[in-house]
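Because only heavy atoms are used, hydrogens play no part in the values below, and waters and symmetry mates are left out as well, while side chains stay in. Each chain gets a letter, A, B and so on, in the order its sequence line appears, and its residues count up from 1.
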Amino acid sequence: MAEPKENVLMEKITSLCKRRGFIFQSSEIYGGIQGFWDYGPLGAELKRNVKELWWSTMTRMRDDVVGLEATIIMHPAIWRASGHVDTFSDPMCDCLLTKKRFRADQVEPQSGRAFHYVGACEATSLTEFLAKLDGENLPAELKLNFAELFQAFSYQERGTSRWISHDRQFSPSERASFAFETLANREACTENIKRVLAQLNAQKALGKACLDNYAVLLPKGKPTESALASARQFYLSRGITDPVVFFLGVEPLESTTRFNPENGSLLTPPVPFNLMFKTYVGPTATEADVAYLRPETAQAIFAQFKNVHETSRQKVPFGVAQMGKAFRNEVTPRNYTFRSREFEQMELEFFIKPDEAVEAVTGAVATPAGKGHPGEPQSNWGWQLWHQYWVEERIRFYEGIGLPRTTLEEYWQKPEELAHYARACVDILFKFPFGTQELEGIAARSDFDLSQHERCSGKSMGIFDEELRTAFGKLPPEKQTELKDRYYQARLKYLTKSGIPVAEAGAAAQEDADGLAKGQYIPHVIEPSAGVDRLILALLANAFSEVTETDAKGKSETRVVLKFHPRVAPIKVAVLPLLKNKPELAAKARAIFESLRVHMMAFHDESGSIGRRYARQDEVGTPFCVTVDFETFEGVKDGPQAGQKDTVTLRHRDDGRQERLPISELLPWLMARVK
RNA sequence: GCGGGUGUAGCUCAAUGGUAGAGCGCUAGUCUUCCAAACUAGUUACGAGGGUUCGAUUCCCUUCACCCGCUCCA
């Protein structure tokens with residue numbers, strides 16, 4: 001997918017990030033470590049800005065969201081309840097022929113005949129061996145083994161489908177029955193062949209042999225030659241240059257998942273892939289001490305839901321936001337920092353009433369009127385509107401930090417792609433140079449998470465809603481029944497999917513439905529979950545631009561400008577004396593810098609020509625440069641501000657435009673643009 | 001993890017079985033009245049480990065990282 005041109009762009013970005021101190025490889029002096037990255041001085045500022053903007057947008061500026069900062073290591077039961085221990089340890093297997101990797105649980109079941117092979121040796125060595133078999137120089141032990149061997153199996157002659165034993169060729173019908181027989185006696189037979197092949201290996205003069213088992217599954221109607229061809233290829237890849245393949249027999253198989261559906265080749269046994277980082281809590285490192293570094297920040301919010309709800313004086317609908325490190329053993333960390341093993345998330349869990357409760361209180365659940373932002377939250381919103389609301393809120397956030405809508409894509413997951421508990425999920429994608437990839441996912445997760453923790457911890461995760469209780473009591477009986485029934489069905493579906501026996505689940509669901517009528521329910525949740533590091537990478541990619549300029553001497557030079565939004569730019573303003581060797585300019589610049597740095601990340605630089613210093617600031621994305629020159633002291637020479645003293649030039653990064661501002665207006669002018 | 005490619009100053013590139021150069025950058029200084037000016041001085045590298053060799057950056061092996069595919073997701 002990635003065009004060469006786009007790779008070049010990524011290389012330029014990574015190179016700039018290293019050169020200017022945005023991002024370094026972790027542990028670089030020891031050769032680096034895959035999937036881990038450090039943020040340098042400018043990267044740290046950039047990241048801090050992004051996180052602070054998210055935090056203030058999501059919590060401080062809202063009445064209905066509060067924050068949480070939980071530990072990275074939590075009780076391991078949390079990860080069993082959330083499903084991460086299971087879903088994050090997918091068994092994987094590889095095709096023995098093409099090395100292609102499969103998720104063992106996603107291999108399509110197939111039927112057909114499995115051709116089993118137990119090894120191969122060099123054709124020359126076998127010929128030689130057969131000649132010797134007739135008598136003379138062969139060691140007695142070896143000879144005996146071969147006699148046993150040929151009683152028990154046939155080998156498939158290389159390149160043909162002829163079946164040979166030491167004394168005669170088999171007819172097709174004999175072949176079939178023979179194969180059946182050997183298969184019935186497979187273990188003893190395999191052992192025999194292995195022993196002889198091992199001895200072939202030991203007899204250097206007789207060349208190499210390979211003792212690896214192999215098999216090919218052929219669908220009905222496919223010629224048997226193709227199984228042999230696959231087997232030959234397999235043993236070729238194991239270093240036998242001209243293999244004679246030892247065939248064990250045919251086995252009919254139904255709905256097997258042990259073979260590659262694309263070529264019929266045997267797969268390796270499933271190997272569990274644990275994507276969770278395991279560690280041990282306490283001084284002993286036994287199985288009982290196992291804990292995990294969190295693979296997401298969300299679960300802590302669910303686990304602490306009751307505490308937060310009880311102490312924050314919030315009522316549903318409300319949200320809990322958290323940002324912090326998370327850890328996943330990615331199969332392949334790739335694309336710079338995009339898929340890191342240690343990364344940072346910004347997650348909000350926004351708790352809402354189940355639609356049945358909304359309907360009971362407001363009479364009807366409002367339905368989305370169309371695309372776009374649905375406006376200020378209303379009490380009659382169900383999950384659909386809340387979900388749409390958060391999708392739009394998040395896109396607004398991205399626009400506010402300089403990622404225009406045109407660089408983003410909304411992807412509504414198809415029903416079949418959704419996790420079983422999710423009702424909808426929208427990915428906000430960014431058009432990275434290496435492809436359009438996910439920045440944030442906004443999932444409507446029903447009441448799955450809190451229900452899981454209620455079930456697994458035995459602690460109630462439900463809340464009591466006085467307004468609901470009152471409203472429910474006033475409903476006509478048939479409406480009550482209808483709502484209770486719908487709630488019952490939803491709860492029943494969850495409970496049975498969790499593996500609870502039907503009778504038990506039915507009773508529990510009925511209890512939940514009765515609870516709803518009394519004002520009790522488990523909140524549903526909308527989860528906007530974003531990756532900080534991905535966002536940083538998106539901001540870098542979006543800001544990166546090159547300007548080629550030809551100077552007076554005709555020398556053309558390409559320089560980089562990072563066009564960060566002032567709100568995220570690591571350095572907001574650089575204060576520069578026009579000349580270094582004029583003490584009054586230098587002192588004034590220093591004083592302005594000191595007055596600005598209290599309020600924002602400012603930078604002071606007096607080395608090199610003014611043009612060079614501007615270029616340096618462009619390259620790290622500083623949106624504004626302030627220059628102290630002679631007119632600062634002598635007054636503006638001409639124009640509408642002529643004669644005015646104590647002014648500076650203010651240069652804009654993106655177009656080089658300059659304007660003159662009184663020093664006294666500098667701070668409010670800048671604050672208005674960087675906050 | 002598998003297959004293919006890459007690995008020499010901060011960056012972009014050279015050269016070589018006899019321990020490495022350039023340009024740009026960076027630091028300091030001189031000079032300089034607005035977009036990488038000039039001059040002077042300084043700065044820094046053969047990814048790591050092992051082997052072959054009198055001697056390895058160069059040849060061989062191993063390993064690590066990065067890039068491209070398979071796979072995965074915030």
- Message: Here's a test of your reading of the structure: between A:G608 and A:E347, which maps to the more 5' nucleotide of RNA chain B?
- Response: A:G608

Rounded to whole angstrom units, what separation is found between the [atom1] atom of [X] and the [atom2] atom of [N]?
X      : N     : atom1 : atom2 : result
A:R559 : B:A37 : CZ    : P     : 11 Å
A:D618 : B:C34 : CG    : P     : 17 Å
A:E417 : B:C73 : CD    : C1'   : 13 Å
A:I33  : B:A65 : CD1   : P     : 7 Å

- Message: On the nucleotide B:U32, are OP1 or OP2 found under 4.0 Å from the side-chain N or O atoms that A:N581 carries?
- Response: yes

Is it true that [X] and [Y] have a side-chain N and a carboxylate O under 4.0 angstrom from each other?
X      : Y      : answer
A:K580 : A:E606 : no
A:E619 : A:R19  : yes
A:R534 : A:E440 : no

- Picking from B:A65, B:C68, B:A37, which would you name as closest to the side chain of A:R612? B:A37

- The nucleotide from B:U33, B:C11, B:C35 with an atom nearest the side chain of A:L578 is B:U33

- Message: Rounding to an integer number of angstrom, what distance separates B:U63 and B:G21 when you compare their P atoms?
- Response: 34 Å

- Item | Rounded distance in Å between the P positions of B:U30 and B:C66 | 44 Å

- Query: May A:Y614 be described as stacking on the base of B:A36, applying a 5.5 Å centroid limit and a 30° limit on plane angle?
  - Reply: no

- Query: With both distances kept under 3.5 Å, what pairs with B:U53, Watson-Crick or G-U wobble?
  - Reply: none

- Walk me through it: do A:F343 and A:W37 pass the test ring pair (Phe, Tyr, Trp, His ring centres under 6.0 Å)? CA-CA 9 Å; A:F343 61 104; A:W37 301 90; over 10 Å; no

- Query: Any donor-acceptor pair under 3.5 Å joining the side chain of A:R339 to the base of B:C72?
  - Reply: yes

- Task: Tell me what A:S529 touches on the nucleic acid: a base, only sugar-phosphate, or nothing, going by heavy atoms under 4.0 Å.
- Result: sugar-phosphate

- Message: So A:K580, base contact, sugar-phosphate only, or nothing? Heavy-atom distance under 4.0 Å.
- Response: base

